[in-house]
There are 2 protein chains.
Amino acid sequence: MKTSRSGRLVDMTYYLLERPRTLVSLSYFSDRYDSAKSSISEDLTILKKTFEERGIGLLETISGAAGGARFTPYMLREEADEFISSMTNAIDDDTRVLPGGYVYLSDLLGDPRMLNHIGRLIATQYLREPIDAVMTAATKGVPVAQAVANELNVPFVIVRDDTKVTEGPTMSVNYVTGQSQRLEKLELSRRSLPMGSRVLIVDDFMKAGGTIRGMASLVKEFEGQVVGTAVVAEGYAESRVIDKYTSLVRVDANQENGGVTVAPGNYATEIYIGNEPIGLRNV
Amino acid sequence: MKTSRSGRLVDMTYYLLERPRTLVSLSYFSDRYDSAKSSISEDLTILKKTFEERGIGLLETISGAAGGARFTPYMLREEADEFISSMTNAIDDDTRVLPGGYVYLSDLLGDPRMLNHIGRLIATQYLREPIDAVMTAATKGVPVAQAVANELNVPFVIVRDDTKVTEGPTMSVNYVTGQSQRLEKLELSRRSLPMGSRVLIVDDFMKAGGTIRGMASLVKEFEGQVVGTAVVAEGYAESRVIDKYTSLVRVDANQENGGVTVAPGNYATEIYIGNEPIGLRNV
């Protein structure tokens, strides 16, 4: 049954939002709505314009018989700043400081709306970069990895520091923690990551960066390539063992007076030129 | 600037999909698009019809000056069966069987599209039920909890069996594992779950159900109520220590011949009447 333009616009929006970074052919939509490809093309022009105006994402359309549309979500700088400001406000609360200089963030990393924003913001940096998988360390990095992977529409893999969980054959590396210089082990199921993958490393929190360096050497064991590193919060560290990363916020717990200091991370300079994602240029 | 009907339909779809189970007022949309409330009402009628026809979800509209719209995602039985069939096909692979009768499922639980389907299907059972939080056990349950929480638009909380991770003050319970009858401990950060919450318990895998029973007693310590229990896969168990649960698939590893047997779980009878979610009746 032929679907009206109104019905098509609603369903196409739903359909494309559900499948980021996937090319959907004109023929598919044409069959789905029993409508001419020329009508579908007009629909896509409307979607593209609205997605752009509202800062929802990039809709690339490929014209011609073999054409189609691919939706890549992003977040404009303005929305990112607003989101980060709401996040720093939420974190700026001295009751979050735990013994040992830790800051309680689990409520934020257990809030789906917050995580969707985190995922969309981090994915914005890799708007035009092919990524095969997102990697993180158990347990607290998992929600962040899932949120980012959801926007990139790629699998996420979970690196562990214990062998309790049965995962089949694993590959493992030893690494030195950044600050306390302890020797630790990280391992990943052989089956979970194809050799030679392009990997984005994410985590909830980074101090000196030891765990992230450990994950990077694990990627190397899988003969893969680290495309980038992003963390939700970076903490205070006298020195870091990794040099390039993106952070959304900076959080320091002051152990002397039990207070917390929070500020935006480096995301603005890493992800944006003006209000636009760096990757949006030269489209 | 006044937004055209086409632009409104696209953006309203996006806006509502991003905020499941949230009442958005007519006034908000009217301001956002600089359009009359009567036009917004007509838009909502189009969205409602398309959401229903395409099995996207329920759009409840409240008319009048204080009116608005609330979107609740669901999955129809037909789509659920198709999804579960693709899932059982993916699991039906003898190379997944690991020593000890475990079945490797981490690739499926690290696939965002698969997780979104799992989340939407499990949430469908609680279409009209108020839920305050989703609870799971670290680490493998986390992606499932996040996916379900995302559809329900509520926080998820992660119960742990170790104290390594700093979470601040915790509440803990001891429980007896279902099969090996070992005594274990589960704990949850005090701060992460308000007392008296209505909790949906989810997990990736259940055998006898010991961990789930442990989580249920933790909910009790928080003076809360278990609204339901859902697992992605149930394994073989001679007897179970919990009586009511929803499962998406049944997976048995045959340790003698190293094969795997997989079948649909009990979701069909727990969630549906005919093609429709049970909760959709008597709207």
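Just so it is clear: chains get the letters A, B, ... in the order the sequence lines come, proteins before strands, and each one is counted from 1. None of these values were measured; they are calculated from a predicted model.
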Handout entry: Check ion pair A:Asp11-B:Lys49 (N to O, under 4.0 angstrom)
Key = no
Handout entry: Under 4.5 Å from a heavy atom of chain B, the part of A:Ala147 involved
Key = both
Problem - Flag if over 12 foreign heavy atoms under 6.0 Å of CZ, A:Arg19 - result: yes
Practice task
May I ask you to check whether B:Ser106 and A:Arg191 show a side-chain donor-acceptor distance below 3.5 Å?
Solution key: no
Practice task
Please state whether the side chain, the backbone, both or neither of B:Thr3 comes within less than 4.5 Å of a heavy atom of chain A.
Solution key: side chain
Handout entry: Short side-chain donor-acceptor distance under 3.5 Å, B:Thr22 and A:Arg113
Key = no
Exercise for the section: With a 4.5 angstrom heavy-atom cut-off, could you sort out which part of B:Tyr104 is near chain A: side chain, backbone, both or neither? Expected result: side chain
Practice task
Taking atom CD of B:Glu184 as the centre, report whether more than 12 heavy atoms of other residues, nucleotides or ligands fall under 6.0 Å from it.
Solution key: yes
Handout entry: B:Arg120, part contacting chain A, at a heavy-atom distance under 4.5 Å
Key = side chain
Problem - Among the listed options A:Pro143, A:Gly7, A:Pro99, A:Ala133, the residue most often paired with chain B at heavy-atom distances under 4.5 Å - result: A:Pro143
Practice task
Would you indicate whether the side-chain heavy atoms of B:Glu18 and A:His117 approach each other to under 4.5 Å?
Solution key: no
Handout entry: Engaged part of B:Phe51 at the chain A interface, taking heavy atoms whose separation is under 4.5 Å
Key = side chain
Handout entry: Non-neighbouring partners of B:Leu108 that pass side chain to side chain contact (heavy atoms under 4.5 Å, CB included), sequence neighbours left out
Key = B:Ala90, B:Ile91, B:Arg96, B:Leu105, B:Met114
Exercise for the section: Determine the minimum heavy-atom distance between B:Arg32 and A:Arg54, stating which atoms define it. Expected result: O-NH2, 3.5 Å
Practice task
Decide yes or no on side chain to side chain contact (heavy atoms under 4.5 Å, CB included) for B:Glu167 and A:Lys140, but give the supporting numbers first.
Solution key: CA-CA 11 Å; B:Glu167 287 277 0; A:Lys140 290 198 191 180; 3.5 Å; yes
Exercise for the section: Heavy-atom pairs under 4.5 Å with chain B are the metric here; pick the option from A:Val157, A:Asp111, A:Asn116 that has the most. Expected result: A:Asn116
Practice task
Counting only heavy atoms closer than 4.5 Å, note whether B:Val134 contacts chain A via side chain, backbone, both or neither.
Solution key: neither
Exercise for the section: Quick one: which of B:Asp43, B:Asn150, B:Thr95 has the most heavy-atom pairs under 4.5 Å with chain A, could you say? Expected result: B:Asn150
Handout entry: Inter-residue atom distance A:Leu109.CG - B:Phe156.CZ, 0.5 Å rounding
Key = 8.0 Å
Practice task
For A:Glu53, look at atom CD and say whether over 12 heavy atoms of other residues, nucleotides or ligands are found less than 6.0 Å away.
Solution key: yes
Handout entry: Which of A:Val10, A:Ile158, A:Leu115, A:Leu17 touches chain B most, by non-hydrogen pairs under 4.5 Å
Key = A:Val10
Exercise for the section: For each of A:Pro112, A:Ala138, A:Ser192, A:Ala149, tally heavy-atom pairs with chain B at distances under 4.5 Å, and name the one with the top tally. Expected result: A:Pro112
Fill in the blank from the handout: d(B:Ile46 CD1, A:Ser6 OG) to nearest 0.5 Å is 4.0 Å
Exercise for the section: Could you have a look at B:Ala145, B:Pro20, B:Ser4 and say which one has the most heavy-atom pairs with chain A under 4.5 angstrom? Expected result: B:Pro20
Fill in the blank from the handout: Bottom line for A:Tyr102: the part with an atom under 4.5 Å from chain B's heavy atoms is side chain
Practice task
Give the member of A:Ile56, A:Leu47, A:Val142 that has the highest number of heavy-atom pairs under 4.5 Å with chain B.
Solution key: A:Ile56
